[in-house]
Amino acid sequence: MKQTIVSPSLLAANFLDLQHEIDMINRSEADWLHLDIMDGVFVPNISFGFPVLEAVAKACTKKMDVHFMTVHPEQYVERTARLGAYMMTVHYEACQHLHRVVTQIKQSGMKAGVVLNPATPVEVLTDILPEVDMVLLMSVNPGFGGQKFIPQALEKVRRLRQLIDAKHLNVLIEVDGGVDDQTAPALKEAGANVLVSGSYVFKADQPEQRILSLKS
């Protein structure tokens with residue numbers, strides 16, 4: 001398997017000193033920067049919106065991995081593409097016409113990802129898998145950082161890996177929620193390629209070392 005992609009989650013950063021946090025990410029071995037957009041409707045929390053995204057896009061040298069936890073994410077595709085985002089992920093549970101949204105994301109020039117909440121089985125993606133670049137499995141309930149890892153996520157990663165391999169697809173598996181030095185090795189072994197980590201990285205005294213530890 002290729003080396004693990006690490007995507008630290010800005011949700012856990014110090015928002016009073018975002019420039020410092022972005023500088024650290026730019027210096028680090030992180031591959032991507034994960035950006036969680038929450039609307040207070042699809043999830044019970046509000047994070048940040050386009051003013052913050054636009055500022056981050058100007059300063060960040062890493063690929064932007066933008067995760068929309070919103071209703072009607074299709075409204076934001078063109079604006080996200082204009083920022084230069086690499087990946088845009090949308091929730092299966094939020095998209096009435098998922099194929100249309102995935103197509104719209106890809107036509108805008110970005111990679112397209114689909115997200116599943118903890119209670120949504122991977123099998124619902126059987127028909128859309130050939131169209132997507134990545135599947136993000138939530139290993140906590142979306143909306144808040146710092147939550148405890150849901151152990152059933154490991155079996156879910158294994159099932160998704162089997163589905164992808166059976167179809168001979170080049171689809172990444174990303175996992176978000178409670179990813180740290182304890183859960184990362186098991187997630188990699190189960191078949192995950194991309195690890196999102198917020199508190200474990202940004203709350204550490206040596207965040208760059210934490211990023212390295214997730215990669216190795």
Side-chain angles (χ1 to χ4, degrees), residues 1-15 17-18 20-38 43 45 47-48 52-53 56 59-69 85-89 91 111 113-118 133-158 160-161 172-216:
M1 190 182 285
K2 294 174 187 172
Q3 192 179 31
T4 306
I5 293 168
V6 175
S7 187
S9 173
L10 197 72
L11 192 65
N14 175 7
F15 277 77
D17 199 356
L18 267 190
H20 172 79
E21 301 284 53
I22 299 294
D23 288 344
M24 181 277 291
I25 291 295
N26 289 345
R27 282 194 315 269
S28 77
E29 294 295 315
D31 303 277
W32 301 351
L33 177 63
H34 190 82
L35 298 145
D36 288 305
I37 312 301
M38 305 178 190
V43 290
N45 195 15
S47 58
F48 48 82
V52 171
L53 272 181
V56 169
C60 186
T61 60
K62 305 290 182 173
K63 292 177 175 176
M64 293 196 304
D65 168 29
V66 189
H67 171 196
F68 278 85
M69 298 182 228
Y86 174 72
M87 178 81 67
M88 179 172 173
T89 53
H91 274 260
K111 302 281 187 186
V114 175
V115 195
L116 294 184
N117 283 338
D133 299 292
M134 187 173 78
V135 176
L136 167 51
L137 297 179
M138 294 301 299
S139 44
V140 298
N141 285 294
F144 298 94
Q147 296 184 70
K148 198 172 178 210
F149 181 82
I150 297 172
Q152 292 89 329
L154 282 170
E155 175 55 32
K156 212 166 163 182
V157 172
R158 289 188 197 101
L160 180 57
R161 172 54 58 203
L172 295 170
I173 300 176
E174 182 175 50
V175 181
D176 181 4
V179 175
D180 57 22
D181 58 339
Q182 302 297 306
T183 54
L187 286 166
K188 292 182 198 180
E189 192 179 350
N193 314 98
V194 187
L195 300 179
V196 175
S197 187
S199 302
Y200 178 69
V201 169
F202 282 103
K203 307 297 185 198
D205 291 333
Q206 295 182 301
E208 291 174 64
Q209 282 301 117
R210 289 272 171 101
I211 290 166
L212 265 179
S213 74
L214 291 173
K215 285 183 75 76
S216 60

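The model shown is predicted, which means the values in this text are computed figures rather than measured ones.
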Could you tell me whether the side chain of K188 and the main chain of L214 form a donor-acceptor pair under 3.5 Å?
yes
If we only count heavy atoms from C-beta on, is the R161 to N193 side-chain gap below 4.5 Å?
yes
Report yes or no: does S139 contribute a side-chain atom to a donor-acceptor pair with the main-chain N or O of D176 at less than 3.5 Å?
yes
Value for CZ (F202) from CD1 (I25), rounded to nearest 0.5 Å, stands at 4.0 Å
Donor-acceptor under 3.5 Å (S7 side chain, H34 main chain)
yes
Member of L187, L136, V179, L195 meeting the side-chain contact (heavy atoms from CB on, under 4.5 Å) criterion with E174
L136
If you apply the rule side chain to side chain contact (heavy atoms under 4.5 Å, CB included), what do you find for S197 with V6, and how did you get there?
CA-CA 8 Å; S197 187; V6 175; 5.6 Å; no
Tell me the closest heavy-atom pair linking G178 and V140, and the distance in Å.
N-CG1, 4.0 Å
When you look at NZ of K215, are more than 12 heavy atoms from neighbouring residues, nucleotides or ligands closer to it than 6.0 Å?
yes
CG/D133 to CE/M87 distance, rounded to the nearest 0.5 angstrom?
5.5 Å
Could you check whether D65 and H67, counting side-chain N and O atoms only, form a donor-acceptor pair closer than 3.5 Å?
no
All heavy atoms of I211 vs all of S28, minimum pair found to be CD1-OG, 3.5 Å
Whether the S213 and Y200 side chains hold a donor-acceptor pair (N or O, under 3.5 Å, no angle test) is what I'd like checked.
yes
With side chain to side chain contact (heavy atoms under 4.5 Å, CB included) as the test, would you mind laying out the steps for M38 and L11 before giving the verdict?
CA-CA 10 Å; M38 305 178 190; L11 192 65; 3.4 Å; yes
Counting C-beta onward and ignoring hydrogens, is there a side-chain heavy-atom pair between F149 and L154 closer than 4.5 Å?
yes
Between CG on residue N117 and CG on residue L137, distance to nearest 0.5 Å
10.5 Å
Mind checking whether C60 and N26 have side chains closer than 4.5 Å, heavy atoms only?
yes
Please work out which of the three classes, parallel, tilted or perpendicular, describes the rings of F15 and F48, given edges at 30° and 60°.
tilted
Stepwise side chain to side chain contact (heavy atoms under 4.5 Å, CB included) check, L116 with L160
CA-CA 11 Å; L116 294 184; L160 180 57; over 6 Å; no
If you round to the nearest 0.5 Å, how far is CG of D181 from CZ of R210?
6.5 Å
CE on M134 to CD1 on I5, rounded to 0.5 Å
8.5 Å
For E29 against K62, the heavy-atom pair lying closest together
C-NZ, 4.5 Å
Any side-chain heavy atom of K63 within less than 4.5 Å of one from W32?
yes
Audit row: E155, Q152, side chain to side chain contact (heavy atoms under 4.5 Å, CB included) steps and yes/no:
CA-CA 6 Å; E155 175 55 32; Q152 292 89 329; 5.7 Å; no
Matching residue for N14 among H20, E21, K203 - test: side-chain contact (heavy atoms from CB on, under 4.5 Å):
E21
Here the gap from I22 atom CD1 to L10 atom CG, rounded to the nearest 0.5 Å, amounts to 5.0 Å
